[in-house]
Every structure is written in C-alpha cells, then in structure tokens.
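The next block holds one structure in the form of structure tokens; read it before the comments.
Letters go in sequence order (proteins before strands), and every chain restarts at 1.
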2 protein chains.
Amino acid sequence: MPRSNIKTFRKGGLPIKVTIKEVAKHAGVSISTVSLAINKKERVSEELRQRVVKAIDELNYRPNGLARSLKSKKSKVIGLIIPDIVNPFFPLMVRGVGDTAKRFGYNIILCNTDGEVKEEATFLRLFEEKCVDGIIFTCAGRIKKSLSLLNELSIPKVILDRRLDDLSIPTVTVDNTKGAYMATCHLIGKGKQRILFISGPDQLQSSLDRLNGYQQALTENRLAVHPELITYGDFSFEGGQKALKDVIANKISFDAVFGANDMMTLGAMMVLSEFGLDIPGGIEVVGYDDILLASLFKPALTTVRQPAYEMGCEAVKMILRAIHSKKTWIPSKVFEPQLITRESSPGN
Amino acid sequence: MPRSNIKTFRKGGLPIKVTIKEVAKHAGVSISTVSLAINKKERVSEELRQRVVKAIDELNYRPNGLARSLKSKKSKVIGLIIPDIVNPFFPLMVRGVGDTAKRFGYNIILCNTDGEVKEEATFLRLFEEKCVDGIIFTCAGRIKKSLSLLNELSIPKVILDRRLDDLSIPTVTVDNTKGAYMATCHLIGKGKQRILFISGPDQLQSSLDRLNGYQQALTENRLAVHPELITYGDFSFEGGQKALKDVIANKISFDAVFGANDMMTLGAMMVLSEFGLDIPGGIEVVGYDDILLASLFKPALTTVRQPAYEMGCEAVKMILRAIHSKKTWIPSKVFEPQLITRESSPGN
DNA sequence: TTGAAAGCGCTAACAG
DNA sequence: CTGTTAGCGCTTTCAA
C-alpha cells in the first residue's frame, strides 16, 4: 500500500508538494476525513485518525496555507507598518508584536515606510491583496493624511504609537503629554528655570503632545514659556546636534535640555560636551524613549521610558480582539510613561 | 449598467470583497479577459482593456493574492529568519532585505528565533505552509544543526551572515577571518603586544573565524598567542563587561582589547573607564560590526565595519536569482570587511 | 462517522 | 482577440 518513493519528482528536479489528496489515498480515506482529522480531531474515529496521522507523517505532508486561507478567509497574518526598523525605538516594539503574534499563531509581514506617506498606501493595498487578518499601523506623518486610506479598508486595524483624536480606530499609545510634563517638572524641581526643549517634527501628534506637556509644566510652575527655548529637530542624532549648535550660535542661554526623543538628546549632549559644558554639573539633560543607547552613553541619560515591547504586545492583543469579536469598537490603551533618572540629571 | 451601490454588505456589516467575476460582469466581458487585462495587457484590445480598467476602478477591485498565489505557485513573499531584531546589528540588514525585496515586488515575513534552534524548525515549517518563494536564513547556533532542516525544504534559500563549509546552499558573508586579522594587525602596528581578545559564542562559525584571524595576525607578526588573553562573551554589552571584569580580577595584563562584536567591546570599554584606564592612552580598543552606537560612544570606537545593509540587499538578489533561474547552484558572495579608525584606537 | 461534491478567486490552456 | 472551462488545495455543507 505505501509507496516506496515518498517524494515524486517533476522534470525540473524539485519535489512536488504532497497534497491532501495523496494523504487521503495513502491512508485509504476520503479527503474530507483527512481535513477533519487535521482540523476537528474529535469528529473522526480514533482508528481513522491514526491512519491519517501516519500517512501525514510518512508522506511528510504539509497543508497548503494558501488554499486553506483562500477557503477559510483567514490568513493568520498580521501586516505591520512602521516608519523605519533602523530607528532604535522600533526594534523592541517589533519584537513585542512578533512574539505576541507568534504566541497566538499569527505571523507578521513587516513593512518600512521610511517616512514616506505614499508608501503607506502601497503597503496597505498590499495587505489587502495578501488578505492579512489585521493591520498594525504606525504612520510616518500626519495621521489625518493616512486616515482616509485606513478607513477604506475593511480589515481590522490598530494604530500603534500614534494618538488619534476621534475614536474611529483603536490606538496603543503612551501619554506623551504626561511624560513630557513629568520630565519638565523633574528639571524644574532641580531648580532649572530656562529649560531648552528640542521638539520633534511638528507633523507628529506625539511631538505636539510632548511640547504641550513641557509648556504645561512650565505654566503650572509659574515659569515663563520662552519661545526662543523651543527648537526643533527631526528625531535624529544629527538633528539634535544641529539644534543645539544653532541655539549656542544664537547665544541663547539655558540651564537644562529636554529633548523629545533620545537620539536627538544624545546628539545635543555630544555638542554640550564639545563646548565644554558639564553634565549634569552645569547643564542637566533629559531625553525621551529610553532606548538602549540612553543607558550606555556617558553620562547615562535620564529619560522618559516608553514601554515599547509591551506596546507591541498590546497592539497584537487588540487586533486579535478586533478580529475575533465582530464588535465595531475596541477600547484604546494608553500606557503610562516613566521617568528613569540617571547621571545626566540625577534624581533627588 | 453600473450598479449604484458599489459595495455589497453582508450581515456582519463588513463589505464583501469585490471579485474578478463582478468586475467582468460590470465591464461586460468574461473573467478571463479581466485576468488577461490585468496580467498580460498586450493581449487584450485597447477598447476592452479600457472597460476593464474602468470597472476595476469603479468597483475598487483588488485581486485576491491568495487565489492568485494558489494558482500561480508564486507568493511573492520571502521568509526571513534572524536571531533577534533587537540586536543592533540586524535592523540595518533587515532594512536591506526589506527594501530590495520591495524593489522587486516581494515582501517579507520576519521571524525572530531569539537564539532558539528549535524555533527555526517552526518557522521553516511555517514558511513551507505559507508557500514563501524563498528563504533568507541567519541561524542562531551551529549551522550544522539547522542544515538538515533546511535541506528538507525544496524552497530556494540563502544563508545570510553565516559561513558554510560546503557549497550546498549559497551564502552571503563577510570575510570574518580577514576582518579580525586586519583589526589585530592594526593594533600590532601600534606597538601592542598583549592584545586581549573577547571572542563570541563558539557555536558560531563567525566567532571561530574571527578568533582565527586574531591568531593568524599574531603568528604572522611573530607574537605569541597567549591563551589567557582569549576570553569569551555572548555578544551582549553585559557579556563584554563581565569578560573584562574577570580578566582584571585575574590580574591578567594587556595593552589592547579587541572584541568580536561592538556591543561586547563597548561593555568592555565601560569597565575600562570604571577602572580608570585611559582609552586610547593606556589601552587601545577595537570592536567589530560598526553599529551606530560605535560611532556615538565616547570615545568613539574603532571597529571593523560589516556592510549589513548591502548584505541584506545581496541576499535578496541572490534568492531572486535562485527563484527565477532553475539552476541548482548559485555562487556565494563574500563581502570585504573594512577597518574604521576612530578615537579608541586612532589610525596612524 | 464518513464521503461526495461544491466552491473559495484566480490563471491559463484551449477552442472559437 | 475573447470566452469557456478546468483546476490550484483546501474546507465544509449535505447525504448516506
């Protein structure tokens, strides 16, 4: 009964994949029995099940996921769009997404937009064609721009690390306003009065929120918000360097620096050192994100930690909820930021 | 003729996806004409093509990739297995893979093994079920262990950043022996005689190769290979710290440090600073990889650069070659390492 | 409990 | 140039 040569070869030399049909024949049962044995084990008699298992094993059968998905309308794939995996903030988040997805039997297609909004459309279309079951999306620019694209799709989606005013799509975020508020208050508590704020790109809501938190902290502590102490960078190391050099060139005085992300802040710190300014003796510095680099740099950077890994995990759980419950509305999740004090601005 | 409500809704409220059938009806042609118009534009008269395009547009039709792939036996997906995206060496490589894949119309499924060899089997099986067109693989441990798994699959594959003795599977690597040789010679050239080598995990061929290069450089320069100067780490920052602390605790003297990767080397440098050892005045330090961190650290790290991004690109081109030409054998590619001299061990 | 058969959405012979 | 049709490999009614 069992054939001697397990694999059949076609001309090219590649082994032809074993199909459910051959398993059925080999086990002496019908196709549907094999399918049932695989998917609904209970509904097949023990004897036949055994025979099927044996056949599967002997033929080294692997169900064709494409056919399966085509039929079942479930691909067990989640599409993940992020700006750039090379940006040190994202790898941890991606790990969170990947690990959690795997835990629940899902896999991810990873796409980097590299900050190009038009790429988002391409990837979204791709996801539709690939029939992904859900989409986790971290947009590159203004969320508004991407929103219409997203809303066209009937695929469940979650927005990650980007806040949205309306509640049309669930989001996973950190309270950026609060994080910046905490950092600024910390600096104020250390007696700082002229805190330089290096903001991020103003298309990002996160940037605006952080700027807001900074201003709020100043105001609440009856400190003036000096426009010349608010500068902008592009979230890169070089951007931070440039921002600080400009400030220094303009002879604007400050007694502390708070950067809207760690990379810029580190860049700024580098310039501070170059100009012989002591950290934290002269200038205290606080960043935002808590990337690995922050703790390894000299001096180690005080920063506002975002739970990137957990955010990734949460996004997956949320998308799974959206996939399985047919509910229209899924509540968003806001994580708490956490101030990590290190050498660049020690705790009290 | 055109229906007024574009999308049909099923009970749940989700729009049903438009199929080729509906496009055909809407355009008043057969489904094969639609298919031809999409895939082989030349073979359809201009008039019908126009009508099809119009219908596709009006119905907002998106071909179902699953059905397509099932029929055509091409998924346009490449499976990528790496140890850990959080390891700073990999993101650039992944970008290279992702960007190049995208350029050629492919997409990637990303899987982290987290160093677990058994995970590799899971992902490989997954790839088979998902019918990926090719696999790019960076194994976690000994390549030998994973080799039998890989060879079972009839899917084209490329091994990335891992050297293989036999030529059964094409690889993309950097000449690790040469890189380590260059770094060691550089240090010797600066008059160093007792160069501490922090090796990586000895299951990895890359580690062994680098160790080899180190020894070769010493031997060729008539310097003794002192076993006590060879220590091991796990490629992590903490691993490097620990390795160096042990060496110091054992009162082993050295005048330079060469680490098998940047993270460990940075960790070692940290310990050096803690012990008040001047870099490069007292001890010179060289790393391996040239991760972003290396250039940003103080002092900036002299290191052997691996072209991670280009390696990722090359792996994709290679896998594409393997997919398209039915050739059994694809030549491997070996990149040249490059010594980048910075503050921790300046050039001459 | 098991099998026959329909069909998921698409591609590509093949026939006209 | 265009349409008819037979599957790709699987899941899932529906009957037996």
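Between the P atom of D:dT11 and the CZ atom of A:R43 lies a distance of 13 Å, rounded to the nearest Å. Going from atom CD of A:E22 over to atom P of D:dC8 covers 11 Å, rounded to whole Å. Per the geometry, CD1 belonging to A:I38 stands 14 Å off P belonging to D:dG9, to the nearest Å. In this entry the distance linking NZ of A:K71 with P of C:dG9 reads 9 Å, nearest Å. Atom NZ of B:K25 is separated from atom P of D:dT2 by 21 Å (rounded to the nearest Å). As a whole-Å value, the separation of A:E42 CD from C:dT2 C1' is 15 Å. Distance, B:K74 NZ to D:dG9 P: 14 Å, rounded to whole Å. In this entry the distance linking OH of B:Y61 with C1' of C:dC10 reads 7 Å, nearest Å.
Remark: A:S35 is in phosphate contact with D:dT11, judged by side-chain N or O atoms under 4.0 Å from OP1 or OP2. The phosphate of C:dG9 has OP1 or OP2 within less than 4.0 Å of a side-chain N or O from A:K73. For the OP1/OP2 pair of C:dC8 and a distance below 4.0 Å, the side-chain nitrogens and oxygens of B:K21 include no atom meeting the criterion. OP1 or OP2 of C:dT11 lies within a sub-4.0 Å distance of a side-chain N or O belonging to B:R68. At the phosphate of C:dG3, OP1 or OP2 sits under 4.0 Å from a side-chain N or O atom of A:S30. Neither OP1 nor OP2 of D:dC8 sits under 4.0 Å from any side-chain N or O of A:N64. Residue B:N39 places at least one side-chain N or O under 4.0 Å from the OP1 or OP2 atom of C:dT11.
Residues that satisfy the side chain to side chain donor-acceptor pair (under 3.5 Å) test with A:E42, not counting sequence neighbours, are absent from this structure. Judged as a salt bridge (Lys or Arg N to Asp or Glu O under 4.0 Å), and not counting sequence neighbours, the contacts of B:E119 are A:K102. Remark: B:R321 pairs with B:E314 by the salt bridge (Lys or Arg N to Asp or Glu O under 4.0 Å) rule, at least two apart or across chains.
Among the protein residues, B:L66 comes within range of no part of the nucleic acid, since none of its heavy atoms lies under 4.0 Å from any strand. Using a 4.0 Å heavy-atom distance criterion, B:K40 is classed as a sugar-phosphate-only contact.
Pairs passing the side chain to side chain donor-acceptor pair (under 3.5 Å) check and including a residue from residues 30-41 of chain A, sequence neighbours excluded, read A:S30-A:S32, A:S30-A:T33, A:S35-A:N39, A:N39-A:R68. Residue pairs meeting the salt bridge (charged side-chain N to carboxylate O under 4.0 Å, His left out) criterion with at least one member in residues 131-151 of chain A, sequence neighbours excluded, do not occur.
To the nearest 0.5 angstrom, A:L80 atom CG is 10.5 Å from A:F137 atom CZ. Atoms CG and CG, from B:L153 and B:L124 in turn, are 5.0 Å apart once rounded to the nearest 0.5 Å. Between the CD1 atom in B:I319 and the NE2 atom in B:H324 there is a gap of 11.0 Å [rounded to 0.5 Å].
Comparing B:L70 and B:I31, the nucleotide of DNA chain D nearest to each residue sits closer to the 5' end for B:I31. For the pair B:A67 and B:R49, both in contact range of DNA chain D, the more 5′-proximal nearest nucleotide belongs to B:R49.
In the helix from C:dT1-D:dA16 to C:dG16-D:dC1, the terminal helix axes, each the rotation mapping four pairs' C1' atoms onto the next four within five end pairs, subtend 40°, rounded to 10°.
The base of D:dT4 lies close enough to the side chain of B:S32 for a donor and an acceptor atom to sit less than 3.5 Å apart.
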